[in-house]
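Let me begin by presenting the structure, written as structure tokens, before commenting on it.
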Protein chains: 2
Amino acid sequence: MNAPIVNPALTKNQALVFDALNRAEGPMSAYTILDKLRDHGFRAPLQVYRALDKLTEFGMVHRLESLNAFVACAHRESECCGAGHGHGHGTVAFAICESCNQVLEFHDHAVDHLLNDWANGKGFKPSKTTIEIRGVCEKCAA
Amino acid sequence: MNAPIVNPALTKNQALVFDALNRAEGPMSAYTILDKLRDHGFRAPLQVYRALDKLTEFGMVHRLESLNAFVACAHRESECCGAGHGHGHGTVAFAICESCNQVLEFHDHAVDHLLNDWANGKGFKPSKTTIEIRGVCEKCAA
DNA sequence: TGGCACACGTTATAGCATAACGCAATTGAT
DNA sequence: ATCAATTGCGTTATGCTATAACGTGTGCCA
Ligand SMILES: [Zn+2]
Ligand SMILES: [Zn+2]
Ligand SMILES: [Zn+2]
Ligand SMILES: [Zn+2]
């Protein structure tokens, strides 16, 4: 339940990567980000990965395990569950449209509690939980 | 909800890969499997990936997205939720110990229903759902 | 002023996955 | 039986994802 970092000062590279992700319609791979930032001086994957590591640590970016890609966090500030504490209270889930690549980010406290209960029952100590629903969004299903 | 295949006849390569996964303590990457099967004539990654694709389709093997690795299904026959229908009734979840690499596979119908409810509310049509809890198992937490 | 922490840049390498080709075995009509 | 379609197989080559290892520079604070 580590408290997330709030409004950290970003370095130049971190800001560039975060900006690229925010402009993007959907998730981007590290290498796609690299290509978008070549004009800004990026030359090597590590420049992207290092920035992504930090941004993820700050809770500003999420990694989508089933895509090997990254998205900017969709909860700007305190959209739910109280003010200004990012995702510190639980697990984030994603619905990923395989047709238009749109990603919906959401919390489900009930799911979170159920999984935690299961873990407690087994003596398992969770550090990070991944929930990703692949499918087709409402628009694309029409 | 597609009904899973029951007791399909495996080809030689599929049987070898499945066997390797069953013998293993934990998940294995495709390349690790390849190395284990070189003595049996395997020479190229595609031989492994093709077998894994089929075994996954059969529901006999699961891919762990957060590890880029594969495990044999831990529900031999009909351990829960009725007889002989594999995972057709819902989503599988995994608890992955980052210390000993043990993987616990389980269902949670309540979680499944909650996520489906969320999807229904959004008009999202799920095709595959990934739930993976990274952490430390009871033994390793001691 | 020395030591430390941290971001950065670069080169090289490791690890994961698929494209594209051709051949062989199987199946299932006609 | 025969042809066509399907499926699996083997091989080579390639592409995508991620990290190791090295050195540089900068700010901070005993
Ligand atoms: Zn978020
Ligand atoms: Zn869509
Ligand atoms: Zn299973
Ligand atoms: Zn363990």
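Side chains included, hydrogens not; waters and symmetry mates left out as well; all remaining heavy atoms used. Just so we're on the same page: letters track the sequence lines, and every chain starts at 1.
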Any chain of hydrophobic side-chain contacts (each under 4.5 Å) joining A:Val111 to A:Val92?
-> no
For A:His40 and C:dC8, give me the distance from atom NE2 to atom P, rounded to whole Å.
-> 15 Å
Taking all non-hydrogen atoms of both residues, which atom of B:Phe94 and which atom of B:Glu105 are closest, and how far apart?
-> CE2-CG, 3.7 Å
Could you check how far CG of B:Leu34 sits from P of C:dC16, rounded to whole Å?
-> 11 Å
Just how large is the angle between the end axes of the helix from C:dT1-D:dA30 to C:dT30-D:dA1, five pairs per end, to 10 degrees?
-> 30°
Atom CG of A:Asp53 and atom P of C:dC6 are separated, to the nearest Å, by 14 Å
State, with a plain yes or no, whether a side-chain heavy atom of A:Ser66 is found less than 4.5 Å away from one of A:Ile96.
-> yes
Check the pair A:Val61 / A:Val17 against side chain to side chain contact (heavy atoms under 4.5 Å, CB included), numbers first and verdict last.
-> CA-CA 10 Å; A:Val61 161; A:Val17 168; 5.9 Å; no
Return the orientation label for the A:Trp118 and B:Phe106 ring planes: parallel under 30°, perpendicular over 60°, tilted otherwise.
-> parallel
Does the side chain of A:Asn68 get closer than 4.0 angstrom to OP1 or OP2 of C:dC16 through an N or O atom?
-> no
Does A:Thr11 place a side-chain N or O at less than 4.0 Å from the phosphate oxygens OP1/OP2 of C:dC6?
-> no
Is it the case that A:Glu65 and A:Thr130 place a side-chain donor and acceptor less than 3.5 Å from each other?
-> no
Outermost contacting nts on DNA chain D, any atom under 4.0 Å from chain A heavy atoms, listed 5' then 3', are D:dT17 to D:dA21
Over how many whole Å does the gap from B:Phe70 atom CZ to C:dG15 atom P extend?
-> 16 Å
DNA chain D: 5'-proximal contact among B:Asn13 and B:Tyr31 (nearest heavy atom) | B:Asn13
5′-ward residue of the pair A:Lys54/A:Gly41 relative to DNA chain C | A:Lys54
Any side-chain heavy-atom pair of A:Leu10 and A:Phe58 under 4.5 Å | yes
Mark yes or no for whether B:Arg50, through its side chain, and B:Asn13, through its backbone, hold a donor-acceptor pair below 3.5 Å.
-> no
Distance-only, no hydrogens or angles: does the B:Ser127 side chain make a donor-acceptor pair with backbone N or O of A:Arg134 under 3.5 Å?
-> yes
Exactly one of A:Leu52, A:Asn68, A:Asp53 clears side chain to side chain contact (heavy atoms under 4.5 Å, CB included) with A:Arg63, and that residue is A:Asn68
Check each residue of residues 42-52 of chain B for a non-hydrogen atom within less than 4.0 Å of any atom in DNA chain C, then write out the ones that pass by number, or none.
-> B:Leu46, B:Tyr49
Compare all side-chain heavy atoms of B:Val71 with those of B:Leu64 and state whether any distance is below 4.5 angstrom.
-> yes
